[in-house]
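As C-alpha cells, the structure follows; a few thoughts come after it.
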Amino acid sequence: MAEKITEQLKILKRGTVEVFTEAELAEKLTEAQKVGRQLRIKLGLDPTSPDIHLGHTVVLRKMRQFQDLGHKAVLIIGDYTARVGDPSGQNSTRPILSPEQIKQNAETYFAQAGKILDTSSKKLEVCYNSEWLAELTLMEVIQLAAKKTIAQMIQRDSFKLRLEKGIDVYTHEFLYPLMQGYDSVAIKSDVELGGTDQTFNNLVGRDIQKAYGQPQQIVITMPILVGLDGTEKMSKSKGNYIGVTDEPNDMFGKVMSISDEMMENYFTLLTDLPAERIAELTDASKTHPKEAKVLLGKTIVAQFYDERAADAAAAHFDQVFAQKQLPDDIPEFELPAEPLSVKQLLLACKLVSTGGEAKRMCAQSAVAIDGKKITDPNVQITPKSGMTLQVGKRKFAKIKLSN
RNA sequence: GGGUCGGUGCCCGAGAGGCUAAAGGGGAUGGGCUGUAAACCCAUUGGCGUAAGCCUACGUUGGUUCGAAUCCAACCCGGCCCA
C-alpha cells in the first residue's frame with residue numbers, strides 16, 4: 001500500500017486508453033495516501049443482462065487494481081436507467097425490466113464480478129441509482145439539463161453518427177449522460193472507470209460535478225475488447241463472447257479460436273503478464289503462435305477456475321481437436337432400443353435443431369456414428385448403449401438405453 | 001398539418017403480376033488445407049415429409065385477379081422537404 005506514487009501510476013495506467021487527467025490522478029493518489037483516505041472509484045453497471053463476459057472484465061480488472069492499492073470500488077446499478085429502457089444502442093426493443101428482474105440480475109452480476117473484485121465491505125460499496133434519481137423533481141431535472149447545451153450533447157459520436165445517418169435520436173436520450181453524470185455527484189466519485197464507449201458520459205460527469213460545486217472526478221477509459229470474430233466489440237448479443245461462467249473446456253477452446261493478431265490485445269487486457277513478456281510471446285520468431293495461445297488460454301481459464309482446470313482444458317483440447325479423439329465428457333441421452341432414422345436420432349440428442357439441418361449435416365458428411373460417416377439421413381439405426389454420435393468437429397452425444 | 005420517398009429472409013440489398021422459398025453481398029454453419037489462427041477453395045443457409053408434395057414468409061388488414069412481395073384501399077412505422 002505504501003508503494004510509491006509513480007509505481008502506482010504505472011500499474012493504473014497499464015492498458016488504459018486515456019486518463020483525464022494523469023496529473024490529477026497523481027495528485028489525488030498523493031493526497032489520499034497522505035491523509036489515509038480511500039478514493040471512491042465509480043463504475044456504472046447496466047443490469048439488463050446479468051451474465052458478464054471477458055469484455056466486462058477489462059474494466060473490472062482495472063477496478064481490482066485500485067482496490068489492491070487500498071481504494072474503494074463503488075458499483076452503481078443503473079436500475080433507474082434500465083427501467084426507462086436504454087435506447088442508445090442498435091437494440092431499440094430492449095425489454096423494460098421489473099424491479100425484481102433487475103435485482104436478480106444485479107445479484108448474478110455480483111456473483112460473477114466477485115471472481116475479479118475484492119468483495120469485502122471495506123473495499124466494495126454497491127448502490128442503486130434509483131436511490132437518488134427517483135427523488136428528483138422535474139424542476140431539478142430541468143436545472144440539471146440546463147448544465148449542458150445541445151451543441152455539447154451532439155458532440156458525442158454516437159449521437160453525431162446517428163444524426164448524420166438519419167437514425168432516430170430521441171429527446172430523452174440526451175438525459176442519459178446527465179443522469180449518469182448526476183450519479184457521480186451523488187456518490188462523490190473520485191475516479192470513474194469505463195470503456196471508451198463511455199468516454200463522453202463519464203466526462204459529462206466531470207462537468208456536472210463542477211456545476212454542483214464538487215471536485216471533478218478523474219476519468220479512465222479502457223479499450224473495448226474485440227470479440228471472437230476479431231472485428232466487433234465483444235457482446236452477448238453478437239455471440240462473439242467468452243463468458244466468465246463458461247466451462248473451462250469452452251473457455252479454452254474459444255481462446256484458441258481467436259486470430260493471432262488479437263493475442264497481444266488479449267494478453268494485455270486479460271492477464272497480468274508484464275509487457276516485455278507479452279512482446280516475447282507475440283513475436284512469432286520467438287514463440288510459436290500456437291504455444292502462445294495455449295498459454296493465453298490456460299492463463300485465462302486459471303483466473304476463473306484454477307491451474308488444474310486450465311491444464312485439463314488444454315489436454316482436452318489437444319485430445320479432441322489435435323488428435324481428433326473423442327472427448328471424455330460426452331453428454332448422454334436416454335433412448336429406447338427402437339429403430340429410428342438418423343435424422344430423428346440427431347434431433348433426439350439435440351445435435352441439430354431441425355430436421356433440415358440434420359439432412360444438411362449428413363449431406364455435408366459432418367455426421368458420424370461410432371466413428372463411421374453417415375451420409376443418408378434416412379438410414380434406420382437401432383440405438384445401442386454407448387453408441388457415440390458426432391456432428392461437425394465439436395458436437396458429440398452418447399446414447400444410453402432406457403427401459 | 002401538407003408533400004414526397006420508403007418498410008423484403010439473421011443483417012444489407014435486388015425484384016415492379018406467374019419462371020420467386022425470393023438475385024447478389026455479409027454473416028453463420030459444414031467440408032478441404034491448417035495450429036478449431038489468418039488467407040484460400042468447395043458447399044449449405046425457412047419448417048414438415050423417405051419422397052411426390054404440403055405449410056409459413058416480403059410492415060398490418062382488407063380488396064382486385066385463375067394467380068400478388070409485385071396492382072388498389074385503409075391503417076401503422078420511419079426518412080427527407082414545407083408549415
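In the text below, chain A, chain B and the rest are named by the order of the sequence lines, each starting its count at 1.
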* To do: If G9(B) has a Watson-Crick or G-U wobble mate with both distances under 3.5 Å, name it; if not, just say none.
  => none

* Structure fact -> Note: for Ser259(A) and Asn378(A) on RNA chain B, the residue whose nearest nucleotide lies more 5' is Ser259(A)

* Asked: Side-chain donor-acceptor pair under 3.5 Å between Ser189(A) and Gln217(A), yes or no?
  -> yes

* Between Gly356(A) and Glu261(A), which has a closest nucleotide on RNA chain B that is more 5'? -> Glu261(A)

* Ile381(A) has an atom CD1; how far is it from atom P of U50(B), in whole Å? -> 15 Å

* Salt bridge Lys384(A)-Asp370(A), side-chain N to carboxylate O under 4.0 Å -> no

* Could Asp272(A) and Arg64(A) be called an ion pair, given the rule that one side-chain N must be under 4.0 Å from one carboxylate O? -> no

* Audit row: Glu24(A), Lys28(A), salt bridge (Lys or Arg N to Asp or Glu O under 4.0 Å) steps and yes/no -> CA-CA 6 Å; Glu24(A) 288 178 46; Lys28(A) 283 232 187 206; over 6 Å; no

* Among side-chain atoms of Ser353(A) and Glu357(A), is any donor-acceptor pair under 3.5 angstrom? -> yes

* To do: Find the distance Leu346(A):CG to C48(B):P and express it as a whole number of Å.
  => 13 Å

* Verdict with supporting geometry, Leu12(A) and Gln65(A), side chain to side chain contact (heavy atoms under 4.5 Å, CB included) -> CA-CA 7 Å; Leu12(A) 295 175; Gln65(A) 292 172 341; 4.2 Å; yes

* In whole Å, what separates the P atom of U29(B) from that of A38(B)? -> 11 Å

* Counting just side-chain N and O atoms, does Gln344(A) come under 4.0 Å of either OP1 or OP2 of C48(B)? -> no

* Under 3.5 Å on both distances, the Watson-Crick or G-U partner of A22(B) -> none

* Could you walk me through whether Leu225(A) and Tyr266(A) pass the side chain to side chain contact (heavy atoms under 4.5 Å, CB included) test, one step at a time? => CA-CA 8 Å; Leu225(A) 190 70; Tyr266(A) 273 43; 3.8 Å; yes

* Parallel, tilted or perpendicular for His56(A) and Tyr109(A), by the 30°/60° rule? -> perpendicular

* NA contact type, Lys293(A), heavy-atom cut-off 4.0 Å: base, sugar-phosphate, or nothing? -> base

* Asked: Given atom CD of Gln323(A) and atom P of G35(B), what is their separation to the nearest angstrom?
  -> 13 Å

* Asked: Rounded to the nearest Å, what distance is computed from the NZ atom of residue Lys343(A) to the P atom of nucleotide G47(B)?
  -> 11 Å

* Say you pick atom P in U20(B) and the same atom in U45(B); how far apart are they, in whole Å? -> 16 Å

* To do: Report the nucleotide, chosen from A37(B), G49(B), U50(B), that has the shortest atom-to-atom distance to any side-chain atom of Lys359(A).
  => G49(B)

* To do: Starting from P on G35(B), measure out to CD1 on Ile258(A) and report it in whole angstrom.
  => 18 Å

* Donor-acceptor side-chain pairing of Ser184(A) and Lys42(A) below 3.5 angstrom -> yes

* **Complement of C71(B), any strand, by Watson-Crick or G-U distances under 3.5 angstrom** => G63(B)

* To do: Select base, sugar-phosphate, or nothing to describe what Asp260(A) touches, counting heavy atoms under 4.0 Å on all strands.
  => base

* Roughly how many Å is it from NZ in Lys324(A) to P in G31(B), rounded to a whole number? -> 9 Å

* Asked: On a whole-Å scale, what distance lies between the P atoms belonging to C41(B) and G26(B)?
  -> 11 Å

* Expressed in whole Å, how much space separates the P atoms belonging to A22(B) and G27(B)? -> 22 Å

* To do: Using atom CG of Leu347(A) as one end and atom P of U50(B) as the other, report the distance to the nearest whole Å.
  => 11 Å

* On a whole-Å scale, what distance lies between the P atoms belonging to C42(B) and C33(B)? -> 16 Å

* **Whole-Å distance separating the CZ atom of Phe317(A) from the C1' atom of U34(B)** => 12 Å

* Asked: Distance between the C1' atoms of G7(B) and A69(B), in whole angstroms?
  -> 12 Å

* Looking for any heavy atom pair under 4.0 Å, which part of the strands does Glu232(A) touch: base, sugar-phosphate only, or nothing? -> nothing

* Structure fact -> Contact string for nucleotides 21-30 of chain B, one letter per nucleotide 5' to 3', B = base within protein heavy-atom range under 4.0 Å, S = sugar-phosphate only, - = neither, reads --------SS

* For atom P, what is the distance between U65(B) and G59(B), given to the nearest Å? -> 23 Å

* To do: Return the nucleotide paired to C48(B): Watson-Crick means purine N1 to pyrimidine N3 with N6-O4 or O6-N4, wobble means G-U with N1-O2 and O6-N3, both under 3.5 Å.
  => G53(B)

* To do: Considering only atom C1', compute the distance from G67(B) to G17(B) and round it to an integer number of Å.
  => 8 Å

* Look at the side chain of Thr354(A) and decide which nucleotide, out of U36(B), G47(B), U50(B), has an atom nearest to it. => G47(B)

